[in-house]
Amino acid sequence: MTDFQKYIQRYLDNIPSENWLDEMNKSGQKTIEIFSGLTEEQSLFAYDEGKWSLKEMLLHLSDTERVFQYRALAFARGEQAGLPGFDENGYADNSYGNERTLDSLLEEYKLVRKSSQIFFQTLNPTALGNIGTANGNPISVETIGKLIVGHNYHHLNIIAERYLPRL
């Protein structure tokens, strides 16, 4: 197993069932539920120095999902050019997430997730098997969809373990 395969497997292992499209809905609802229950003050909490606040994490989820959506769209439509990677920390550093309201970040997350759901639910099944190259690694459209779900669950686990107990 390559390092890339190990990297993505850690996210795929977070998906609780085989029905990843259903889990896309469930993980979205769980995320909305958690963040809807926070105050503005709580959403600025970071569990340690140099770690993202909850606001920054929510925006990270939206940003990452957008990157994954674009990759999936490109490969579903037959893109042959390799797509670049992205520096999640650089994106977070330039997001100014803490300057936004929690409500605006939550609304953005909801819209990004709805867009993913519509896109993946309406894809021709053949397109799910299309493979493209992102960050120098081959990956299928379906795997990208699953990564959206697994990545979201990964961060839900971090929130449950490291953030919520300290709020």
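Scope of the values below: all heavy atoms of this structure, side chains included, with no hydrogens, waters or symmetry mates.
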### ILVMFWY cluster, I139 and Y70 together (side-chain gap under 4.5 Å)
yes
### Query
Is the F35 to Y109 ring centre distance short of 6.0 Å?
no
### Message
For V112 and S115: C-alpha separation, side-chain torsions, deciding distance, then whether side-chain contact (heavy atoms from CB on, under 4.5 Å) applies.
### Response
CA-CA 5 Å; V112 170; S115 176; 5.6 Å; no
### Query
Between R71 and P84, is there a donor-acceptor pair closer than 3.5 Å when you use the side chain of the first and the backbone of the second?
yes
### Task
Find out if a path of hydrophobic residues (ILVMFWY) with successive side-chain heavy-atom gaps under 4.5 Å connects Y7 to I144.
yes
### Query
Do the side chains of Y11 and I15 join up, straight or via other hydrophobic residues, at under 4.5 Å, putting them in one cluster?
yes
### Distance-only polar pair, side chains of S17 and N19, donor-acceptor under 3.5 Å
no
### Task
Check whether more than 12 heavy atoms from other residues, nucleotides or ligands sit under 6.0 Å from atom CD of E40, and answer yes or no.
yes
### Message
Side chains of S62 and E108 only: does a donor on one sit below 3.5 Å from an acceptor on the other?
### Response
no
### Query
Would one find more than 12 heavy atoms of other residues, nucleotides or ligands at under 6.0 Å from atom CZ of F4?
yes
### Query
How long is the span from the CD atom in E33 to the CG atom in L156, to the nearest 0.5 Å?
10.0 Å
### I34 reachable from L102 in the ILVMFWY side-chain graph, under 4.5 Å edges
yes
### Task
Any chance you could measure Q117, atom CD, to R113, atom CZ, to the nearest 0.5 Å?
6.5 Å
### Query
Can we say K51 and E56 salt-bridge, meaning some charged N sits less than 4.0 Å from an Asp/Glu carboxylate O?
no
### Message
Let me confirm one number: the OG-CG distance from S43 to N98, rounded to the nearest 0.5 Å.
### Response
7.5 Å
### Query
Does one side chain, of N152 or T31, offer a donor that lies under 3.5 Å from an acceptor on the other?
yes
### Task
Before giving the answer on side-chain contact (heavy atoms from CB on, under 4.5 Å), spell out for L106 and T101 the whole-Å C-alpha distance, their side-chain angles and the decisive distance to 0.1 Å.
CA-CA 9 Å; L106 195 52; T101 66; over 6 Å; no
### Query
How about N130 and R77: does a side-chain donor come under 3.5 Å of a side-chain acceptor?
no
#### Entry: I148 side, atom CD1; E23 side, atom CD - distance, nearest 0.5 Å
14.0 Å
### Query
With the 4.5 Å side-chain cut-off for hydrophobic clustering, are L83 and V141 part of the same group?
yes
#### Entry: Polar contact flag, side-chain donor to acceptor under 3.5 angstrom, Y153-D13
no
### Task
Please state whether the rings of H60 and W52 are parallel, tilted or perpendicular, taking 30° and 60° as the class boundaries.
tilted
### Task
Rounded to the nearest 0.5 Å, what's the gap from CD1 on I8 to CG on N137? Could you check?
8.5 Å
